[in-house]
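Written out below as structure tokens is the structure these notes cover.
The model shown is predicted, which means the values in this text are computed figures rather than measured ones.
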Amino acid sequence: MILGVIADDFTGASDIANTLAQEGMQTALYCTSPRAPAEPTVEAGVVALKCRTAPVETAMRSALETLEWLLDQGARQFVYKVCSTFDSTDTGNIGPVTEALADRLGAGAVPVCPAFPATGRRVFMGHLFVGDRLLSETGMATHPLTPMTDPDLRRVLARQSRRPVSWIGLDRVRSGDLGAALAAEDGHLVLLDAIEDEDLRRIGAATAKHVLLTGGSGIALGLPALHLGTPAHCAAQAWRGAPGPVVALAGSVSQATQGQIAAHESAGEPVLRVAPEAVLDGSVDAAVLADWVMARQDGVPLVASADTAEAVAAAQARFGKARVAAAIEELLSDTATLLAARGVTRFICAGGETSGAIVEALAPAALQVGPEIDPGVPALFDPESACALTLKSGNFGAADFFAKAARALEGRG
């Protein structure tokens, strides 16, 4: 293994695994902390954790345990993969986990960049833009767990870090002496501007002497070429898909996912919205949802956790954030478990926390990376259970994502 990636959630893990595979590295995606050795052909090992919103000490501990496994596999450079919207609270977990990894590795300057231009995430003048809007002007400002109201990532990172935070602007990124600029920031977390894929490739090329990077999947664009020369893109692996029953489970209340749910319903597909109150009072349970899904296999049945972010916020105000989040995750993961036992072979998961809970319930050891469905969202295959799944970040995907994903997971493209 050459490159080790620690992802703070499951959708992010599939996102960066997709990037590395598309760029020519033999990539494997592991679910939670693996124990068995990686296959000797694996060049990039991506480990999916569920620590984005975990308590800081828990997140640090799980990341460090994963790092030890990656070191044992021979990895010599590491990426801490975080969301391209950099969502976290003022106490972490991006800064504390990055620093814990840096301390263990003896890292000097740590390059940091969440840019992912293919999905509209760009960093300019130290600020994060989503499309033509500052991060604070998007739906992320009202995220139920990690609201992002400050688009200046220098301030965001400084509030949760012990190390000094510095910044390298776009002109310097493109100047040809980025390596020297990074070397001058020894001991710092170094935020870098990037607005195009080529900027991210420049960053990758400048990190040969940097053992740790933190960022979105875009920060990995230049790493295969750094380690392997200029590899030919991997030929698409034979993708047979998993013909059989399908389900879409959406726990995200992001604007993109809500638009996708509405488009799915408008196309005549079955959609069941479950209010948080119904989950908490027990009037809806996994058995009810599983029966509903199995009775609608003439389409692509979709179970969604709520209509709007406002509905979730109201439930959180009444019952508490942690209780609402845990109840929804448990319901959807229990539903997935029941459906797998009843023969469902295709799982479409929307939302980072939702995806993590479902994959933990299904417990695949490792996943093969298949074709890209939408930017940042690959099809995945579990060879042990012969199930196919996809893990979509809440804000990713085209309007028709659910129908498109169902076809891709079946092998119809």
For the pair W69 and Y30, evaluate side chain to side chain contact (heavy atoms under 4.5 Å, CB included) and give the outcome as yes or no after the intermediate values.
CA-CA 11 Å; W69 182 83; Y30 304 94; 3.8 Å; yes
Test side chain to side chain contact (heavy atoms under 4.5 Å, CB included) applied to D15 and V377, step by step
CA-CA 6 Å; D15 178 5; V377 192; over 6 Å; no
Test side chain to side chain contact (heavy atoms under 4.5 Å, CB included) on D150 and R159 and set out the steps.
CA-CA 11 Å; D150 188 351; R159 286 195 291 267; 3.1 Å; yes
Stepwise side chain to side chain contact (heavy atoms under 4.5 Å, CB included) check, L134 with F129
CA-CA 4 Å; L134 287 165; F129 289 81; 3.5 Å; yes
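Counting heavy atoms from C-beta outward, I6 and L70 have side chains that approach closer than 4.5 Å. Taking 4.5 Å as the limit, some side-chain heavy atom of T257 sits within range of a side-chain heavy atom of K392.
Pairing each heavy atom of V123 with each of I195, the nearest pair is O-CG2, 3.7 Å. The shortest heavy-atom contact between L223 and T207 is CD2-OG1, 3.7 Å. Between V156 and S88 the shortest heavy-atom distance is CG1-OG, 4.4 Å. Residues T390 and A405 approach most closely at CG2-CB, 4.1 Å, considering heavy atoms. Closest approach of A406 to V246, counting heavy atoms only: CB-CG2, 4.3 Å.
Counting heavy-atom neighbours within 6.0 Å of E65 CD, excluding the residue itself, gives a total above 12. A 6.0 Å sphere centred on CZ of R174 holds more than 12 heavy atoms belonging to other residues, nucleotides or ligands. Under a cut-off of 6.0 angstrom, the local environment of CZ in R155 is crowded, with over 12 non-hydrogen atoms contributed by other residues, nucleotides or ligands.
Between the side chains of E185 and S166, at least one donor-acceptor pair of N or O atoms lies under 3.5 Å. For the residue pair D87 and T85, a side-chain donor N or O sits within less than 3.5 Å of a side-chain acceptor on the partner. Side-chain contact, E372 with N18: a donor N or O sits under 3.5 Å from an acceptor N or O. With no hydrogens or angles considered, no side-chain donor-acceptor pair links D334 and T337 at under 3.5 Å.
With hydrogens and angles disregarded, no donor-acceptor distance shorter than 3.5 Å links the side chain of R121 to the backbone of F116. Distance alone, capped at 3.5 Å, places no donor-acceptor pair between the H188 side chain and the V190 backbone. When atom types are taken as modelled, the side chain of E384 and the backbone of P364 share no donor-acceptor pair closer than 3.5 angstrom.
Just one of V279, L280, V303, V288 meets the side chain to side chain contact (heavy atoms under 4.5 Å, CB included) condition when paired with L331; it is V279. A side chain to side chain donor-acceptor pair (under 3.5 Å) with D8 holds for exactly one of K81, K50, R52; it is R52.
By the side chain to side chain contact (heavy atoms under 4.5 Å, CB included) test, V211 pairs with F78, L105, A107, sequence neighbours left out. Annotation: ring-ring contact (aromatic ring centres under 6.0 Å, His included) contacts of W292 (sequence neighbours excluded): none.
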